[in-house]
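Read the structure below first, then the notes.
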There are 4 protein chains.
Amino acid sequence: MSASPARRRELLDTAAEVFAEQGYDATTVRKIADQAGMLAGSLYYHFDSKESMLEEILAAFLDELWAGYDAVLEADLGPRETLAALVTESFREIDRHRAAVAIYQKESKHLAPQPRFAFLADSQQKFEKAWLRTLERGVEAQIFRADLDIRLTYRFVRDTVWVAASWYRPGGHHSPEEIARQYLSMVLDGIATRGGPSAD
Amino acid sequence: MSASPARRRELLDTAAEVFAEQGYDATTVRKIADQAGMLAGSLYYHFDSKESMLEEILAAFLDELWAGYDAVLEADLGPRETLAALVTESFREIDRHRAAVAIYQKESKHLAPQPRFAFLADSQQKFEKAWLRTLERGVEAQIFRADLDIRLTYRFVRDTVWVAASWYRPGGHHSPEEIARQYLSMVLDGIATRGGPSAD
Amino acid sequence: MSASPARRRELLDTAAEVFAEQGYDATTVRKIADQAGMLAGSLYYHFDSKESMLEEILAAFLDELWAGYDAVLEADLGPRETLAALVTESFREIDRHRAAVAIYQKESKHLAPQPRFAFLADSQQKFEKAWLRTLERGVEAQIFRADLDIRLTYRFVRDTVWVAASWYRPGGHHSPEEIARQYLSMVLDGIATRGGPSAD
Amino acid sequence: MSASPARRRELLDTAAEVFAEQGYDATTVRKIADQAGMLAGSLYYHFDSKESMLEEILAAFLDELWAGYDAVLEADLGPRETLAALVTESFREIDRHRAAVAIYQKESKHLAPQPRFAFLADSQQKFEKAWLRTLERGVEAQIFRADLDIRLTYRFVRDTVWVAASWYRPGGHHSPEEIARQYLSMVLDGIATRGGPSAD
DNA sequence: CATGAATGAGTATTCATTCAT
DNA sequence: TATGAATGAATACTCATTCAT
């Protein structure tokens, strides 16, 4: 157990790619090993189990994500700028760790209840709190509309952002910042033309 | 192999619930049978295979969905009304077949390439075409903003709607029509207050 | 249990046909039922088990076979005539009960040890005794060659006859008597021309 | 999937023995594994499936058989010598690969239609052609009797030889060459004494 | 007599994991 | 560090059989 951290990361990246593409359950240890050019059993020199690979992938991703988020939240920006910064940060993370994000999206719901993955539930709570607070501050400041259900709005914004991981391909037409800009534009101002008839 | 349609539906509903909660791959035939109060092998009196249950669940869902969609599309409404009707129809479907929708969301991507599930890919294409056309019509009529990437907008609206299946619970505070109304309001007009500073 | 003997025979004939074509193990009760135009469970009104069908088929066949054989053996014919009559009788049986013969050929070896199928082993012993005695009488009377291993000869004649069940189709070019005649000609006089060089 | 050829052969020999004794269908993978002193699942390290074991056993047998046959057929012997050599070669093969031959006898008929086992049908055709041609040459040369149905004679000789695999036990009283000699003597010259009354 | 629905024991196969080399 | 070979538990599926209707 242990070995060079460099090799570990390499193997984890490989594993993440396969997990993302095929789903965790559907991914066999052999597929990962094949991709890494070794035999299935050999992975167990580097890792305790398939599950521990998953854990390490998700934990590393969330660590990095929160480094970014915390920086934003501690910057004491206004609600609108906070929202913009959080969304942009999210798209940057999708750009850098698409595989991990995709895994997170697909698997976190059924992993969270397990003690081993408690950190997922923790993160989710922190995440929700930060978003709700930002939205509430925005409503108070009359920057966000007051007539919207705030929890519904939270889910709307959250899903809107993260689901992008399922189709986003790094190196495509749009940079993450560009996509973030467009998303924000839609989320903030809607897709209808201004001055058109308001919804219902 | 065929058996009474009533019992079949009962069992399919049970199966859909389990598939939705645990994921198709992670669902064992025994779990479904347990839930249905019978032994695993007994399911095979009613169905050919686990996969055929999945197929039947998804096909029935899409049939019903398209009945609703086609009615909307053939009604020749304006772009804004079409969009509203499609979204409302979608939330109604989520309300009626939450399990099937959740399964569709999670599994359709990796199922679609299989010949057996070709109807998923067909549906996806039809779906995309209907949405893109509606958005294009809206832009032409200056009802939707012209400065947005139309494919990005399509994904935005699509994801925004369907991801709701992952958290929606029928019989909760909001009726599907109420949720649809709020979603539409956000999508069309944004979450920012009118007259506020536009996004960057 | 019981029912009309006519229906029983019908069902047994159907079963025999399927057993012969697919092998006993590979034959499912459902295939027999399908062929008979009923459901698998319904067969159990007529028979105790799949195995009891097999038993009844084989027992009926052997009963009839031995009726013929016993008549021949009690007729006190000369060895050559006895051999001819036994072979002819065998081909007639193949003609009448091809399916049963084919089953017997394929399955009797591994069935014989089971107590339920002891009658197969009995029959085989009686069969061997009758043939060996006929061959011995023929050697004594200088009708059959004395330089041949008698057990080998027995197997040779026995196999030569019964294996025909694997390819014989009733209603073909040759009547069973005609095939018997040709087989006897080969067995008795060989396929080489008389006066040719003898086999080394 | 591949693994050491030595272990493979060992396991295939074990499997062939069990297949021959119990029949392919009636043989469970567990029986083979038991015989080999391992667990059922472990066999799948060496082989893809139970069927692939069967295929490998039969293919190896036919390869070796045809090596021998081709040598005989290319030697341009007279018809009688060709027949003698083919029969002798066959008994040698039965001696060396009794299990494979027994499997071939019992299973080839229902395997041959499957694409995977097309090589069985190919072999059977080649086999038939070689034998028919040898018999025809013999009739032309007046070495074999002209009054026999040649296809019937082919079946007679073919069955006569191969059925021996069902009772032959290597290391018994007779060497394969000795058995071949006796069989040939019966097939060529018959079991009746010369000068006796010919079979009507 | 036959059906419809189920049982329960078994079957081939998969796969994460282990461990001596 | 990695391999080759195995374990053992689980998985989808099959099938003879039962039985209330």
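Bear in mind the structure is a predicted one, so any value in this text is a computation, not a measurement. Proteins come first, then strands; the chains are lettered A, B, ... in the order of their sequence lines, and each starts at number 1.
Partners of Glu107(B) according to the side chain to side chain contact (heavy atoms under 4.5 Å, CB included) rule, which considers only residues two or more places apart in sequence or in another chain, are Tyr24(B), Ile103(B), His110(B), Leu111(B). Every residue two or more places apart in sequence or in another chain was checked for a side-chain hydrogen bond (donor to acceptor under 3.5 Å, both in side chains) with Gln105(C), and none qualifies. Remark: Ala15(A) pairs with Phe19(A), Ile32(A), Met53(A), Ile57(A) by the side chain to side chain contact (heavy atoms under 4.5 Å, CB included) rule, at least two apart or across chains. When the side chain to side chain contact (heavy atoms under 4.5 Å, CB included) test is applied to Ala102(A), the partners found at least two apart in sequence or on another chain are Ala20(A). Asp34(D) is linked by a salt bridge (Lys or Arg N to Asp or Glu O under 4.0 Å) to Arg30(D), counting only residues two or more places apart in sequence or in another chain. Checked against salt bridge (Lys or Arg N to Asp or Glu O under 4.0 Å), Arg116(C) has the following partners two or more places apart in sequence or in another chain: Glu51(C), Glu55(C). Taking Ala59(B) as the reference, Phe119(B) meet the side chain to side chain contact (heavy atoms under 4.5 Å, CB included) condition, with sequence neighbours excluded.
Taking CG from Leu12(C) and CD from Glu56(C), the interatomic distance works out to 5.0 Å, rounded to the nearest 0.5 Å.
Nearest to the side chain of His46(B), among dT1(F), dA5(E), dC1(E), sits dA5(E). Side chain of Met38(D), nearest nucleotide from dA6(F), dA5(E), dA16(E): dA6(F). Of the candidates dT17(E), dA2(F), dT13(E), dT17(E) carries the atom nearest the Ser49(A) side chain, counting heavy atoms from C-beta on. When each of dT13(E), dT7(F), dT7(E) is scored by its nearest atom to the side-chain atoms of Ala40(D), the top-ranked nucleotide is dT13(E).
Here the P atom of nucleotide dA2(E) and the CG atom of Leu11(C) are 8 Å apart, to the nearest Å. Between the NZ atom of Lys50(A) and the P atom of dA16(E) there is a distance of 5 Å, given to the nearest Å.
The side chain of Arg7(B) places an N or O atom within less than 4.0 Å of a non-bridging phosphate oxygen (OP1 or OP2) of dA6(E).
Stem list for DNA chain E (at least 3 consecutive Watson-Crick or G-U pairs, distances under 3.5 Å): E:2-21 with F:2-21.
Contacts between residues 108-117 of chain B and DNA chain F, defined by a heavy-atom separation under 4.0 Å, are absent. Interface residues of residues 22-36 of chain B facing DNA chain F, ordered by number: Thr27(B), Thr28(B), Val29(B); criterion, heavy-atom separation under 4.0 Å.
Here salt bridge (Lys or Arg N to Asp or Glu O under 4.0 Å) pairs that include residues 14-27 of chain C, with residues two or more places apart or in two chains, are Glu17(C)-Arg98(C).
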Any protein N or O atoms within reach of nucleotides 19-21 of chain E? Criterion: under 3.5 Å, listing atom names and distances.
none

